[in-house]
Enquirer: 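This structure is in structure tokens; I'll ask about it shortly.
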2 protein chains.
Amino acid sequence: MDQEPLHRRIAGDIERRIASGEWRPGFRIPTEAELTAEYGCARMTVSRAMSDLSARGLVVRRRRAGTVVAHPPVHSSALVSIPGIQSEVEGRGLAYSHRLLGRIVRPARADEGLGERVIELETLHLADDLPFVFERRLISLSAAPEAEAADFTAQPPGGWLLAHMPWTEAEHRISAVGADHETAAGLGLADGAPCLRLERRTWRDGQGVTWASQIFPGAAYDLVARFSPTKG
Amino acid sequence: MDQEPLHRRIAGDIERRIASGEWRPGFRIPTEAELTAEYGCARMTVSRAMSDLSARGLVVRRRRAGTVVAHPPVHSSALVSIPGIQSEVEGRGLAYSHRLLGRIVRPARADEGLGERVIELETLHLADDLPFVFERRLISLSAAPEAEAADFTAQPPGGWLLAHMPWTEAEHRISAVGADHETAAGLGLADGAPCLRLERRTWRDGQGVTWASQIFPGAAYDLVARFSPTKG
DNA sequence: GAGTGGTCTAGACCACAAT
DNA sequence: TTGTGGTCTAGACCACTCC
């Protein structure tokens, strides 16, 4: 009967009226006192429902002014799923494999933000033995000294890092580039073919751990982002 | 002194210990009862702090088992900011303008999911009078009949829609493409130059409203996504 | 069975902003 | 001034699930 908590029922009722267009952006929602009376519950229960809606950006609450339905964002944000390559490949029902193309250890440049020494790796990721992603990666040996002894032919760098150095902060940059000669050769494309580049930087406790540039053939790959203000 | 609510101070304290690595993934956090004693407050206050952390994915809570620090996601998601072009341009301190290059009204194709008739628009967006984005857009005249009479030379289609048909659901697709001849001409690029394509579909209450394909010069544009499990 | 989180109550005081 | 949300209390009962 009563599985759904009351605060979620209240939030859901309001959400439905917003989604259906019955309550348009700018519409002033009943006050907590009114909703408390309507549902016959304590004010804190209504308050929790409204706080949840507010946290999800569906409504805007201001003291004295009351609660109004939010306007859809001009600068909208959407959750984009940043794929782990291996799980991405396997999720498509293909066999994942990888080849380590290059590995050197060298001093880090100051602008790399990765400490004193880095290991520099080039990896080709394959799906059913066909090239899928060309990856260049730097790993900070200050942050992850164990990386110097790791066998990156057995485990790709991304997987190794996930297991050994979980990050606490990440930044991704998505851009379009033409494949340079080396990348084009690795992926079997024409020089200059449009590719999606995903750059990823991660930190652990403020210290730079790794930088990676992953290049996907443009024709074969999409990032999809969904945003639904009414569905979290 | 006491501006910060107690529940946020509690959440912040815990967050800091997770971010610093003091409490690693899997670590079992003190129970609500223990935290209640530690902070000398009511249990609901602690509960709210922990619920917030849980909603943000920093911790996982299970009855009887207690609350543990969450493992970082394998398949991570990040919030990517999807720009409104005008605000993007103005945010860079440049002057925004636009030119309507084409406009026709025609029957919709079934696979477009936009009702019976659509208006098809081609718009060039400029920053300081230099081409910045080439946009192709379809607007459903079933969902937005007023669009047929709108003056899209005065207001760009995106801005008009935001004002007249706020969406409730959106999907974005990010990919890399080579500029076709028309796009290249519009943006002043060589044919086939790598570009970032942002496709956007929006719905209002389940009904398709618009589809847009916005093409950014690859060299001039990045989408940035940040993810920080410790900072929301 | 007992420890844990999930929800809810019926109050209270305070901060803020519109009037 | 006063209406509104923001926070907090000190309890309570319940639902899980591990032991």
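Reminder, nothing fancy here: chain letters follow the sequence lines and each chain counts from 1. Here the structure is a predicted model, which is why all the values come from computation and not from measurement.
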Enquirer: Between A:Thr210 (side chain only) and A:Leu138 (backbone N and O only), is there a donor and an acceptor less than 3.5 Å apart?
Expert: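 Such a contact is found between A:Thr210 side chain and A:Leu138 backbone.
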Enquirer: Keeping the roles fixed (side chain from B:Arg62, backbone from B:Val68), state whether a donor-acceptor pair exists under 3.5 Å.
Expert: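 Checked: no pair found.
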Enquirer: Look up atom CG in B:Leu94 and atom CG in B:Asp128, then write down how far apart they are to the nearest 0.5 Å.
Expert: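 Between atom CG of B:Leu94 and atom CG of B:Asp128 there are 4.5 Å.
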Enquirer: Can you tell me how far CZ of A:Arg48 sits from CZ of B:Arg48, rounded to the nearest 0.5 angstrom?
Expert: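 Interatomic distance, B:Arg48 CZ to A:Arg48 CZ, rounded to 0.5 Å: 9.0 Å.
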Enquirer: Regarding B:Arg201 and B:Glu199, does a basic nitrogen lie under 4.0 Å from an acidic carboxylate oxygen?
Expert: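 Result for this pair is no, no salt bridge flagged.
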Enquirer: Roughly how far apart are A:Cys41 SG and A:His7 NE2, rounded to 0.5 Å?
Expert: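 Rounded to the nearest 0.5 Å, the SG-NE2 separation comes out at 11.0 Å.
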Enquirer: Rounded to the nearest 0.5 Å, what separation is found between the CE atom of A:Met44 and the OG atom of A:Ser51?
Expert: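 Going from the CE atom of A:Met44 to the OG atom of A:Ser51 covers 7.5 Å.
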Enquirer: So which protein nitrogen or oxygen atoms get under 3.5 Å of nucleotides 16-19 of chain D's nitrogens or oxygens?
Expert:
unit_1: D:dC18; atom_1: OP1; unit_2: B:Arg62; atom_2: NH2; d: 3.3

Enquirer: Any pair with a residue in residues 38-70 of chain B that passes ring-ring contact (aromatic ring centres under 6.0 Å, His included), sequence neighbours left out, goes on the list, sorted by first then second residue, please.
Expert: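 Qualifying pairs, neighbours excluded: none.
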Enquirer: Check DNA chain D against residues 35-52 of chain B and give the residues with a non-hydrogen atom under 4.0 Å, in numerical order.
Expert: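 Heavy-atom cutoff 4.0 Å gives B:Cys41, B:Ala42, B:Arg43, B:Met44, B:Thr45, B:Arg48.
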Enquirer: Under a plain distance cut-off of 3.5 Å, with no hydrogens placed, do B:Arg137 and B:Thr123 share a side-chain donor-acceptor pair?
Expert: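 On atom types as modelled, these side chains do not qualify, holding no pair under 3.5 Å.
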Enquirer: Look up atom CH2 in B:Trp203 and atom CG in B:Leu114, then write down how far apart they are to the nearest 0.5 Å.
Expert: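 Answer for the CH2-CG pair, B:Trp203 versus B:Leu114, is 9.5 Å.
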Enquirer: Which residues within residues 23-31 of chain B lie with some heavy atom under 4.0 Å of an atom in DNA chain C?
Expert: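 Residues of residues 23-31 of chain B under 4.0 Å from DNA chain C: B:Arg28, B:Thr31.
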Enquirer: State, to the nearest 10°, the angle formed by the axis through the first five base pairs of the helix from C:dG1-D:dC18 to C:dA18-D:dT1 and the axis through its last five.
Expert: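 For the helix from C:dG1-D:dC18 to C:dA18-D:dT1, the axes at either end differ by 10°.
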Enquirer: Check every nucleotide of DNA chain C for an atom under 4.0 Å from a heavy-atom of chain B, then give the first and the last such nucleotide from 5' to 3'.
Expert: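 Here the contact window of chain B covers C:dA2 to C:dT9.
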Enquirer: With no hydrogens and no angle check, is any side-chain donor or acceptor of B:Thr153 less than 3.5 Å from a backbone partner on B:Leu100?
Expert: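 Not confirmed, B:Thr153 side chain does not pair with B:Leu100 backbone.
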Enquirer: Between B:Glu32 and B:Arg43 (salt bridge meaning N to carboxylate O under 4.0 Å), is one present in this structure?
Expert: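 Yes, this pair counts.
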Enquirer: Determine whether a donor-acceptor pair (N or O, by modelled atom type, separation under 3.5 Å) exists between the side chain of B:Glu148 and the backbone of B:Pro145.
Expert: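 No; zero donor-acceptor contacts below 3.5 Å.
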Enquirer: Hey, could you give me the CG/OG distance between A:Leu198 and A:Ser213, rounded to the nearest 0.5 Å?
Expert: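 Separation between the atoms: 8.5 Å.
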Enquirer: Any sub-3.5 Å donor-acceptor pair from B:Glu34's side-chain atoms to B:Thr31's backbone N or O?
Expert: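 A pair under 3.5 Å: yes.
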Enquirer: Could you say whether B:Leu6 or A:Ala33 is positioned toward the 5' end of DNA chain D, judged by the nucleotide with the nearest heavy atom to each?
Expert: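 Final value for this comparison: A:Ala33.
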